[in-house]
Amino acid sequence: METKEFHYRAYRPRPFTKEERSKTTILFGGLTWKHERLIQGSLERVGYKSMPLPNIERQDLDIGKEFIDVGACCPTTFTAGNLARTLMTLREREGEEGVKNNYLFVTIGACGPCRFGQYHESYERVLEGLNLTDFRLFLLDLMQMEQSAPGGGLEISMPLTFGLVYSMFYADLITDMEYAIRPYEVVEGSTDRVVKESIELLYEKLKNRPIKGKKIDSLVWHVFTGYFVDALKEVRRLWDEIEVDRLRVKPKVKITGEFWLQTHEGDGNYNIKRWLEKEGAEVIPPPVAVWMDYLINMELFKLEDAKGFVKRYYLKKLAIGTIASLYRMVYNRLRRALNNIPNPLPDQRKLKDLARPYFYYRLTGGEGHMLIGKALYAYLNRQAHMICELSPYGCLPNTMSVGAMAKVLGDYPDLLYAPIEIKGDAEVHAYSRCQMILTEAKRRAKEEFEEVLERTGLTVEDIRNFEEDHPELRRATYKVPHYGYAGTASNYVMHIAKLMGRI
């Protein structure tokens, strides 16, 4: 009997040359449409043709299951299916050779115990299943500011990296504005309209931004220029036109969980943020920028752990600490342009300290200690009435975190926590579980509001009368300070009471 030997062969894409750049479209995806539209602007500014994958749909889960390991988590299955659907559509339109030669796919990868370390393998299965093994896909390192793919056609330079960082910051800030304003908009649909106008305005700004140098001069310009802040000031004028009613009593729900599920907006997580809004909640979305802040600070924490064994320890600590400080400084400058309506980035050292009794911070799979740290931070600082944690079915890192949360809930029994395990095709179960906790969150928000009215001696009618004399209070960009209550309506009543001299 004849036997054959098979050898594993790692996927190696064909080179992508500079000569091909003008006629090859870069496909990418995995974030919200807002992030992807702005990334497109940044890529086009440095000469690349680019196109985001279509938004994730339920059919992508079924398509993904046909190509990759049936045990893969739903983010992997959804994203692999989304790539497969895109390639099938392009092949139907442009033929097999057209897909191979006119497009390539770029994504971010890393090592680790979860899907993030296996993307390449999953996408390769898609190419094999479609008989498109000559199609090119490139995996980029998340932490490298400068890198290139074989052939030199794809070069990630510092100007492009900073463009991508600002794309992420912009989209995060607009998303924060969106979820803070939409539940209170007086004219239904006005927030969605302004979000689209804001993203298009910022897309043009990124697409036409000046390129100032290539190395240190590029870094200095991007950190200190007023160009990006001025763009957001234009955006703020769009938001000024939205009228809001902040006396609507709503529970605040903070979203945490696995990176893709918590940031996604669509069928991939049952569109749970929009569902929560329809159920009467205000959602606090997770910015992508928190994840990058976490990665930068983890480098600092690891350096501190190895202090006695690191040469030039203080110099290296100063370098990483400076990067971390500049990162937050730029984010806060942009927040100020929107009157600080978007939430600040949480202090990574505080998150680590809060999670320390329950989760060792060097267990860095998935979101690491951040899930516990963010839940406790929101609870102790009264930022939200409820935490909704989204985990892929069978996710190893999140299973560890959810297990540790049992001890957290033992120490903080008032913390409302809804861990939702998402398979992609069981939304009724997820909604039902979330609904149970949300009902209690609604009750607490209502009690809190009544307590504030009693404390201040104000009635809703008093506040309405005051608003008539101060119409600026009903603008979306009016900043209501935090007075120690989780609910927006409660803090608003306290603020009016202060303006009226009642407290």
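Here the structure is a predicted model, which means the values were calculated and not measured.
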- Message: Within 45 degrees of the ring normal and closer than 6.0 Å to the centroid, is that where the cationic atom of R37 sits relative to Y203?
- Response: yes
- Message: Any non-hydrogen side-chain atom of Y417 less than 4.5 Å from a side-chain atom of I437?
- Response: no
- Query: Between Y327 and F169, is the ring centre distance below 6.0 Å?
  - Reply: yes
- Query: Do you see a donor-acceptor pair shorter than 3.5 Å between the side chains of T79 and W260?
  - Reply: no
- Task: Apply side-chain hydrogen bond (donor to acceptor under 3.5 Å, both in side chains) to R335 and list each qualifying residue two or more places apart in sequence or on a separate chain.
- Result: N332
- Does E258 reach the main-chain N or O of P392 with its side chain, forming a donor-acceptor pair under 3.5 Å? no
- Query: Between Q262 and E367, does any side-chain donor sit less than 3.5 Å from a side-chain acceptor?
  - Reply: yes
- Message: Can you list everything that forms a salt bridge (charged side-chain N to carboxylate O under 4.0 Å, His left out) with E447? Sequence neighbours excluded, please.
- Response: R443
- Message: Just checking H429 against Y270, ring centres under 6.0 Å apart?
- Response: no
- Item | Row check, Y361 ring normal vs K352 NZ/CZ: under 6.0 Å, within 45° | yes
- Message: Quick check with a 6.0 Å cut-off and a 45 degree axis cone: is K350 positioned over the face of Y377's six-membered ring?
- Response: no
- Query: Does NZ or CZ of K100 lie under 6.0 Å from the centre of the six-membered ring of F135, at an angle within 45° of the ring axis?
  - Reply: no
- Query: Are side-chain heavy atoms of L164 and I39 found at a separation under 4.5 Å?
  - Reply: yes
- Message: Assess whether a salt bridge exists between R58 and D267, defined as any Lys/Arg side-chain N lying under 4.0 Å from an Asp/Glu carboxylate O.
- Response: no
- Query: Can you tell me how far the CZ atom of R362 sits from the OG1 atom of T364, to the nearest 0.5 Å?
  - Reply: 8.0 Å
- Item | Heavy-atom side-chain proximity of R444 to P251 below 4.5 angstrom | no
- Task: Give a yes or no on whether a salt bridge exists between K407 and D411, defined as a side-chain N under 4.0 angstrom from a carboxylate O.
- Result: yes
- Query: Just how far is it from atom NZ of K207 to atom CD of E44, taken to the nearest 0.5 Å?
  - Reply: 4.5 Å
- Query: So, do F28 and F105 have ring centers that fall under 6.0 Å from each other?
  - Reply: no
- Would you say the side chains of H482 and N381 form a donor-acceptor pair under 3.5 Å? no
- Item | Salt-bridge criterion met for K34 and E178 (N-O under 4.0 Å) | yes
- Task: Determine whether the side chains of N297 and D293 contain a donor N or O and an acceptor N or O closer than 3.5 Å.
- Result: yes
- Item | Side-chain touch I63/T77, heavy atoms, less than 4.5 angstrom | no
